[in-house]
Amino acid sequence: GTYSIAGSSNIGYAEVILAEAIPQVASATDVVAPVYVSGDFVKAGLITGSSTAITAAAELNLKNAGIYLVEGVED
């Protein structure tokens with residue numbers, strides 16, 4: 001699929017987690033990049049566009065997609 005970096009206008013629609021950093025490109029340029037479609041991720045470690053906070057809507061959408069945000073790493 002085609003996705004965009006989560007920012008303030010689209011954070012509630014988050015469905016995947018980018019698997020690695022990609023070089024910044026012009027806004028009209030598509031880039032092929034690996035993404036995670038399921039798993040557990042530390043919420044504080046996620047990076048969004050323009051320092052956008054992860055909203056409750058985004059967290060619910062990710063959970064419905066199979067991505068779970070956790071507060072920290074369990075031993």
Side-chain angles (χ1 to χ4, degrees):
T2 301
Y3 303 97
S4 59
I5 300 295
S8 60
S9 65
N10 65 350
I11 189 72
Y13 302 105
E15 296 178 347
V16 298
I17 303 285
L18 190 61
E20 59 188 45
I22 57 171
Q24 187 171 359
V25 296
S27 61
T29 304
D30 289 339
V31 175
V32 175
V35 297
Y36 293 108
V37 295
S38 65
D40 295 342
F41 298 87
V42 178
K43 185 176 179 178
L46 299 180
I47 300 169
T48 59
S50 302
S51 301
T52 300
I54 298 171
T55 63
E59 196 162 350
L60 179 60
N61 207 47
L62 287 168
K63 182 178 178 182
N64 289 337
I67 294 174
Y68 300 92
L69 304 183
V70 297
E71 295 303 320
V73 178
E74 295 181 19
D75 291 330

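Numbering starts at 1 and runs along the sequence shown.
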* To do: Tell me, please, which residues at least two apart from Ser38 pass side-chain contact (heavy atoms from CB on, under 4.5 Å).
  =>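 So Ser38 forms no side-chain contact (heavy atoms from CB on, under 4.5 Å) with any residue.
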* Asked: Mind checking what makes side-chain contact (heavy atoms from CB on, under 4.5 Å) contact with Ala33, not counting sequence neighbours?
  ->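 Residues passing side-chain contact (heavy atoms from CB on, under 4.5 Å) with Ala33: Leu18, Ile22.
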* To do: Give a yes or no on whether Ile47 and Tyr3 share a hydrophobic cluster (residues Ile, Leu, Val, Met, Phe, Trp, Tyr; joining criterion: side-chain heavy atoms under 4.5 Å apart).
  =>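 Different hydrophobic clusters.
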Return each pair, listed once, that meets salt bridge (Lys or Arg N to Asp or Glu O under 4.0 Å) where at least one residue sits in [range]; pairs must be two or more places apart or across chains.
{"range": "residues 57-68", "value": "Lys43-Glu59"}
{"range": "residues 5-22", "value": "none"}
{"range": "residues 4-14", "value": "none"}

* To do: Starting from Ile17, walk the hydrophobic network (Ile, Leu, Val, Met, Phe, Trp, Tyr; side-chain heavy atoms closer than 4.5 Å) and list everyone else you reach, by chain and number.
  =>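 Once heavy-atom contacts under 4.5 Å are chained together, Ile17 belongs with Tyr36, Phe41, Leu46, Ile54, Leu62, Ile67, Leu69.
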